[in-house]
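Here is the structure we will look at.
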Amino acid sequence: MSESPKNILQAKEITCLLAENAGIRDISLSLKRGDILGLLGLNGAGKSTTLRIISGVIAPQKGEVWIDGINMQDDPLNARARIGYLPDTPPLYNDMRVLDYLVLAAKLRRVPKSTLDDQVQSVLSSCDLHNVKQQRIEKLSKGYKQRVGLAQAMVHKPALLLLDEPSNGLDPQQMQGMREVIQQASESQAIIFSTHLLNEAQTVCNRLAVLHNGQLKHDDSLDSGNSTNVQTLFNALLQEHSDVAEQ
Amino acid sequence: MTLTIASHEFKALLRSAQTWVLAALISIVFAYQFLQALETFLDIQPKLALQDHPLGLTGFLSTQYLAPLAFLLALICPLLAMRSFSDEFRQQTMPLWQSSPISTTSLVLGKFLGVLGICILIVAIACVMVLSMQLFVTIDLGVLAAAFAGMVLCAASFVAIGLFFSSLTKQAIIAAVASIMLILLLWLIGSAAEANPSLQALVSLAIPTHVAGFFQGFIASADIAYFALLIILFLGLCIIRLDALRNVS
C-alpha cells in the first residue's frame, strides 16, 4: 500500500491499549510539510503514547504509520531516520558536553561526515546554544536542557519533528524562545507538538487535534475559523475531568 | 554505527569515577598477586631446575598469577556492564536509541564492544606486568598470548552476561548481583560432578574446564566455541529483551 508523497506523516487507525483502559484507539493523522499540529489533551489522554508510536519507540497493536512514504513496520530504520523526537523527559547524558552530545546524536541519525560539523553548528545557532556548547549538560538550567533536547531532535533536519510537551517547566521567556525555534523549523518540516495548554497550542500551531481517553475528538486547521469550537470542546473535557475527579 | 555506539560507551565508562576507582583497586590487587607469585617462583626455582621439563617463569606466572585473576574478572566485568542499559532506563535516555535509525543488534554489539574495551585494558594491565619481566629474562610470548586470549574470552562472556541482566532492570546493582551469581554458578557447576559422577556432563558446562588450557599455553577450538556460544547466547537474549520493549502488549 503506497501513500501520497505529499504527506510527511500518515497514521492509520493506530491502536495501542495499555493497562486499565489507558492507551489510544483508532487514531488517524496526516501531516504535510509546514503543518504544526498541536496535540491537545489532559494528562493520560494518550498524547505521549501517540508520539511514541509515531516515533517508532513502541509498536502499535493495530494500524500503520508511514513517514515520508516509508512504512514504519516494513522499513523502521529508514522511517526513523526521518524523525526527530523529543520525549517528555529529554534523553540527555548529564556527564557529556553539549557539543559532544549533539555530535553523537547527529552520528546516530546518519548525518554524513561531510556535513556533520555544519549541521551541528546550525542547530547550535538555531537553538541558541553556542555560549554553552562546551559546558557539561548537568550544569545547564532546565531551559537550556530542554533546548539541548530540542537540538538533538533537529540536528539531522528530519522531515517530521515530534515534541512531547517541550515547554514543560520553562519560564515565559524560555517558552517564547522555544516557540520561535519551532516556528522557524516548521518552514521545512512537519511538527507535532503535544501540550495540555490550549493557549500555548493556539499560539504555536496552525492545526489542533484534541485527544481524550485515547480517542481523537477533533482535528482541524486553526485557519478554518473554528478555534472557538476547540475551546468549547476543550473546556467541556476539562469540566468532565474535574467532575470525575470530584466524584 | 556499532563503532559509534562502542566509542560512546567506552568514553562514558572512562568519564565515570567508578571505573577509575575500580581500575586503581584492581591494579593494587594485580601488583600484590604478581609480586607474591614472583617471590614463590624464586623460592621454588632450585626445585624446578631439577625436573626434566622445568616450568619456565612465563608458564609459572600464567598458571599461578594470571589464572586466578580470571576469576576476579567474574566480579569486575559485571560491575562495568551493570549500568549499560539499567542507567538508560533509569535516566530515561533509552528513547534516544529507540527513535534513532539503529538496529537493536547494533546497539547491543556497540555497548558490548565498549565495555569489553575497558575490560581488555584491565586484562592488559595484568599481562603487562608479566611482560615487564622481559627486561630481565626471556618471556614465552606464545604462552602469554594464549593466557591473554583466555582472559579476554572470559571477560567477553562475563560482559555479555552482564549486559543481558542490565537490560532486565533499572537497578544496576541488581543486574550486577544477578550476573555475578550466574557466573559463579557456571564457575562452580563442575565441582558438583566431583561429588556425583552421574553429573559428569556438567563439567563441560563449567568455565574452568574451558579456560584452563589457555593458561597452559594451548588454545583448543572447543574452548573458543564454548565462549563464543556463551557470548552469542547472552547477547541474543539481550537483543530479544530490548526488541520486546517495543511491543508494549
Side-chain angles (χ1 to χ4, degrees), chain A residues 15-19 22-23 48-49 51-62 67 70 72-73 75-97 100-101 103-111 136-137 149 152-153 155-156 158 160 162 164, chain B residues 1-21 80 83-111 113-115 118 166-167 170 172 239-249:
Chain A
T15 297
C16 185
L17 300 174
L18 307 170
S48 294
T49 307
L51 293 187
R52 290 175 76 206
I53 290 174
I54 295 172
S55 66
V57 169
I58 57 174
Q61 289 148 3
K62 207 187 94 187
I67 310 293
I70 299 169
M72 180 65 82
Q73 221 169 354
D75 191 358
L77 300 191
N78 273 326
R80 277 188 249 147
R82 286 159 171 78
I83 294 172
Y85 174 47
L86 172 63
D88 51 354
T89 305
L92 304 176
Y93 292 99
N94 285 327
D95 57 342
M96 287 183 88
R97 291 178 199 282
D100 297 336
Y101 175 72
V103 168
L104 170 71
K107 285 180 181 171
L108 292 181
R109 272 67 178 268
R110 299 180 180 171
V111 174
R136 283 189 196 285
I137 292 172
Q152 65 77 27
V155 71
H156 55 305
L160 176 65
L162 306 169
D164 196 354
Chain B
M1 196 55 77
T2 303
L3 290 180
T4 303
I5 300 165
S7 152
H8 166 71
E9 192 68 17
F10 185 81
K11 287 178 190 166
L13 280 170
L14 286 184
R15 281 194 301 269
S16 159
Q18 178 210 311
T19 308
W20 291 100
V21 170
L80 288 169
R83 293 180 189 277
S84 292
F85 289 108
S86 300
D87 269 14
E88 304 280 358
F89 297 141
R90 205 165 46 82
Q91 294 174 359
Q92 300 183 43
T93 46
M94 204 58 196
L96 178 73
W97 308 102
Q98 291 173 318
S99 65
S100 292
I102 50 172
S103 65
T104 313
T105 308
S106 287
L107 175 60
V108 171
L109 277 180
K111 294 249 177 199
L113 293 175
V115 180
I118 297 287
S166 176
S167 73
K170 283 181 186 175
I239 291 167
I240 291 169
R241 159 69 182 160
L242 293 177
D243 274 337
L245 290 178
R246 288 191 189 277
N247 195 349
V248 290
S249 62

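Below, chain A is the first sequence line, B the second, and so on; all start at residue 1.
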Out of curiosity, A:I83 CD1 to A:N78 CG, how far, rounded to the nearest 0.5 Å?
11.0 Å
Among the listed options A:K107, A:R82, A:R52, the residue most often paired with chain B at heavy-atom distances under 4.5 Å
A:K107
Is it the backbone or the side chain of B:I5 that comes under 4.5 Å from a heavy atom of chain A, or both, or neither?
side chain
Looking only at the side chains, is there a donor atom on one of A:R80 and B:S99 sitting less than 3.5 Å from an acceptor on the other?
no
With sequence neighbours excluded, residues passing salt bridge (charged side-chain N to carboxylate O under 4.0 Å, His left out) with A:D75:
none
Distance alone, cut at 3.5 Å: any donor-acceptor contact between the side chains of A:Q152 and A:Y85?
no
Measuring heavy-atom distances to chain B, does A:L92 have an atom under 4.5 Å in its side chain, in its backbone, in both, or in neither?
backbone
Chain B contacts, top residue of A:L108, A:I58, A:D100 (heavy-atom pairs, under 4.5 Å)
A:L108
Among B:E88, B:K11, B:H8, B:Q92, who wins on heavy-atom pairs under 4.5 Å with chain A?
B:H8
Between B:S86 and B:S166, is there a donor-acceptor pair closer than 3.5 Å when you use the side chain of the first and the backbone of the second?
yes
